Amino acid sequence: MKNNQLPVTINIPQFRHDLITWFEQEQRDLPWRENQDPYRVWVSEIMLQQTKVETVIPYFHRFIQSFPTLEALAEADEQQVLKAWEGLGYYSRVRNLQAAVREVVADYNAKVPEDAEQFGNLKGVGPYTQGAVLSIAYGKAEPAVDGNVMRVLSRILLIQEDIAKAKTRKIFEQAVRQLISHENPSAFNQGLMELGALICTPRNPSCLLCPVQVHCKAYSEGIQHSLPVKTKKTKQKDEAYYVLVMEDKDGKYILEQRPNEGLLAQMWQFPMVATKEVSENLLEPYIMERYQINCQSIDQLQPVKHIFSHIKWDLNVIKCRCDKLRVSGPAQQILSLDEIESYPLPVSHQKIYKQLLQ
DNA sequence: AAGGCGGGGCG
DNA sequence: CGCCCAGCCTT
């Protein structure tokens, strides 16, 4: 192994002590901190990926209530699992999680493996989640480097590498391996993240309240605001669709399931067609040809704009009153408003659904 | 190494 | 508006 570690020149024992003492004093009372059940810790870590704590809390309660144990989740209906995740985003997280717990039941006698390699090879478990679950649930001294940790340590240790680059994470993992408390890896890792969430925030960090201020090189040089260095910029694509809300005389609607892969995989929606595929005045014949359905009338509902991290959707919502609906494929259903309630819809289509309720 | 993959909240 | 959030997977 090459000895190219960055110089960690802070007082390590003092830093550990200051961080852990602060964490034990100031940590938030969060539902996944009630105990160290590896399953609950695991669920929380998946939910918290790219998602704020306040957003996760209600989802965590509902999810654990519906699927209290690893076995319960393994045996659950996939649609119900997806429904429990509805609105949380990044839906592959929960499909991977269920696949992984099924793996644990099949291969590890329904016990979350303590072995880093075994746990890390499970679906949806990357380097961060691996270290987080193993340290928090099992007390293993493994690094758990997320965005918080990179921000906090970039400031304390004055690390100027671009955190948008994939290999940079390894630098921080090496730093954590030198810093981490072997007596209490859980409090150390959670302390770094809690510090990032409460004190060492992206903008306007509260350095005057920081329990490890005396260790912080960025603060001592007054450059905490310019760290971490991050280059990646997002460019969004614009996409415009007609959303076809086809309603029959019984107040039922056609819903279709999205493909198994890609954006909003396996979620349900009102049928959509890209506006560039058909001009608005030809929608009726299009519906006739594509869905074999005769429209009696066409109305515009409130248009919906929806922003993803990488796409902007402009949804032109068209309500078609139809004499009789029919499905034109296995991925379609004719459903009442009540029945739609039990299907997982992306937020953009929940907005449309809410219009129909009025 | 870079891009796809949600949704919400903040300045 | 752009940025960030307890990231992972595919190419």
Side-chain angles (χ1 to χ4, degrees), chain A residues 23 27-28 30 32-33 41-60 82 85-97 99-100 120-137 143-152 162-170 172-173 176 186 188-198 200-205 225 228 230-237 239 258-267 269 304-313 344-351:
Chain A
F23 175 70
Q27 64 172 297
R28 291 166 290 179
L30 300 174
W32 45 90
R33 287 178 177 164
V41 173
W42 185 5
V43 169
S44 75
E45 291 302 340
I46 299 298
M47 286 188 170
L48 287 162
Q49 287 169 11
Q50 299 292 285
T51 312
K52 287 191 157 64
V53 164
E54 309 81 67
T55 304
V56 165
I57 290 173
Y59 280 91
F60 182 80
L82 201 51
W85 211 267
E86 181 189 67
L88 201 48
Y90 286 143
Y91 299 96
S92 67
R93 290 185 292 178
V94 75
R95 293 185 287 118
N96 288 338
L97 176 61
N121 281 330
L122 294 169
K123 200 158 294 182
V125 178
Y128 164 75
T129 305
Q130 177 186 25
V133 173
L134 291 185
S135 63
I136 297 170
V145 174
D146 69 342
N148 282 316
V149 172
M150 288 197 280
R151 182 173 61 257
V152 169
D162 180 1
I163 67 168
K165 295 198 180 302
K167 56 185 268 195
T168 302
R169 194 198 69 248
K170 297 178 189 295
F172 287 92
E173 285 176 349
V176 172
S186 170
F188 182 89
N189 280 341
Q190 292 189 78
L192 281 181
M193 293 188 275
E194 197 81 343
L195 191 65
L198 300 182
C200 195
T201 49
R203 289 182 299 262
N204 303 320
H225 296 278
K230 186 176 186 182
T231 58
K232 195 180 294 181
K233 45 195 158 201
T234 55
K235 46 177 183 191
Q236 304 171 318
K237 283 185 300 189
E239 296 182 357
R258 295 178 60 88
N260 289 335
E261 314 263 308
L263 183 68
L264 302 169
Q266 295 176 32
M267 302 288 282
Q269 65 181 19
V304 169
K305 289 188 188 301
H306 193 80
I307 299 175
F308 300 95
S309 46
H310 55 307
I311 303 171
K312 275 195 250 182
W313 267 6
L345 268 58
V347 167
S348 50
H349 284 255
Q350 290 178 45
K351 293 174 187 168

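Computed from a predicted model, the values in this text were never measured in an experiment. Below, chain A is the first sequence line, B the second, and so on; all start at residue 1.
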Can you check nucleotides 9-11 of chain C for protein contacts, nitrogen or oxygen pairs under 3.5 Å, and list what you find?
residue	atom	partner	partner atom	Å
C:dC9	OP1	A:G124	N	2.6

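- One can place CG of A:L198 at 16 Å from C1' of C:dC4, the figure rounded to the nearest angstrom.
- For A:F308, the listed nucleotide lying nearest its side chain is B:dG7; candidates were B:dG7, C:dA6, C:dC8.
- Proximity of a side-chain donor or acceptor of A:W42 to a complementary backbone N or O of A:I46 within less than 3.5 Å is not detected.
- As a whole-Å value, the separation of A:N260 CG from B:dC5 P is 14 Å.
- As rounded to the nearest Å, B:dC5 and C:dA6 have P atoms that lie 23 Å from one another.
- Residues passing the salt bridge (Lys or Arg N to Asp or Glu O under 4.0 Å) test with A:K237: none are found, sequence neighbours excluded.
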Protein-nucleic acid N or O pairs under 3.5 Å, nucleotides 8-11 of chain B:
residue	atom	partner	partner atom	Å
B:dG8	N2	A:K52	NZ	3.4

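- The gap from the P atom of B:dG3 to that of C:dC3 amounts to 15 Å, rounded to the nearest Å.
- No side-chain donor-acceptor contact under 3.5 Å links A:E45 to the backbone of A:V133.
- In this view, A:V347 and A:H306, A:Q350, A:K351 satisfy the side chain to side chain contact (heavy atoms under 4.5 Å, CB included) rule, not counting sequence neighbours.
- Atom pair A:Q236:CD and C:dC1:C1' shows a separation of 9 Å (rounding to whole Å applied).
- When the nucleotides C:dC4, B:dG7, C:dA6 are ranked by their closest atom to the side chain of A:P202, C:dC4 comes out on top.
- Protein atom CD of A:Q269 is 15 Å distant from nucleotide atom C1' of B:dG6, rounded to whole Å.
- The separation between A:M150 atom CE and C:dC8 atom P is 10 Å, rounded to whole Å.
- With A:T168 contributing its side chain and A:D162 its backbone, the two residues share a donor-acceptor pair below 3.5 Å.
- With a 3.5 Å limit on both pairing distances and Watson-Crick or G-U wobble geometry required, the stems of 3 or more pairs in DNA chain B span B:1-5 with C:7-11, B:7-11 with C:1-5.
- Using a 4.0 Å heavy-atom distance criterion, A:R151 is classed as a sugar-phosphate-only contact.
- Within the nucleic acid shown, A:R258 has no heavy atom closer than 4.0 Å to any nucleic acid atom.
- Evaluation of the side chain to side chain donor-acceptor pair (under 3.5 Å) rule for A:S135 yields A:N189 as partners, not counting sequence neighbours.
- Comparing C:dC1, B:dG6, C:dA6 against the side chain of A:Y128 picks out C:dA6 as the nearest.
- The shortest distance between the side-chain N/O atoms of A:Y90 and the OP1/OP2 oxygens of B:dG4 is not below 4.0 Å.
- At least one side-chain nitrogen or oxygen of A:H310 sits closer than 4.0 Å to the OP1 or OP2 atom of B:dC5.
- Phosphate proximity of C:dA6 to A:T51: absent, as no side-chain N or O sits under 4.0 Å from OP1 or OP2.
- Shown here are the salt bridge (Lys or Arg N to Asp or Glu O under 4.0 Å) partners of A:E173, two or more places apart in sequence or in another chain: A:R169.
- When the side chain to side chain contact (heavy atoms under 4.5 Å, CB included) test is applied to A:T51, the partners found at least two apart in sequence or on another chain are A:T55, A:V56, A:L88, A:R93.
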Using a 3.5 Å cut-off and no angle test, enumerate the donor-acceptor pairs between side-chain atoms of residues 258-265 of chain A and protein atoms at least two apart in sequence or in another chain.
residue	atom	partner	partner atom	Å
A:R258	NE	A:L263	O	3.0
A:R258	NH1	A:Q269	OE1	2.8
A:R258	NH2	A:L263	O	3.1

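- Among the heavy atoms of the strands lying under 4.0 Å from A:T129 are primed sugar atoms or P, OP1, OP2 only; no base atom is included.
- Under the salt bridge (Lys or Arg N to Asp or Glu O under 4.0 Å) criterion, A:E194 pairs with A:R28, A:R33, not counting sequence neighbours.
- Contact annotation: A:Q49 does not reach the phosphate of C:dA6 (side-chain N/O to OP1 or OP2, under 4.0 Å).
- Listed candidates were C:dA6, B:dC5, B:dA1. Nearest to the side chain of A:K167 is B:dA1.
- Between the CE atom of A:M47 and the C1' atom of C:dA6 there is a distance of 13 Å, rounded to whole Å.
- Counting to the nearest Å, the C1' atom of C:dC5 and the CG atom of A:L88 are 12 Å from each other.
- Residues satisfying the side chain to side chain donor-acceptor pair (under 3.5 Å) criterion with A:Y59, sequence neighbours excluded, are absent altogether.
- Between the CD atom of A:E86 and the P atom of B:dG7 there is a distance of 9 Å, rounded to whole Å.
- On the P atoms, C:dC8 is 22 Å away from B:dG8, given to the nearest whole Å.
- Between A:V176 and A:V149, the shortest heavy-atom contact is CG2-CG1, 4.2 Å.
- With sequence neighbours excluded, the residues forming a ring-ring contact (aromatic ring centres under 6.0 Å, His included) with A:W313 are A:Y241, A:F308, listed by chain and number.
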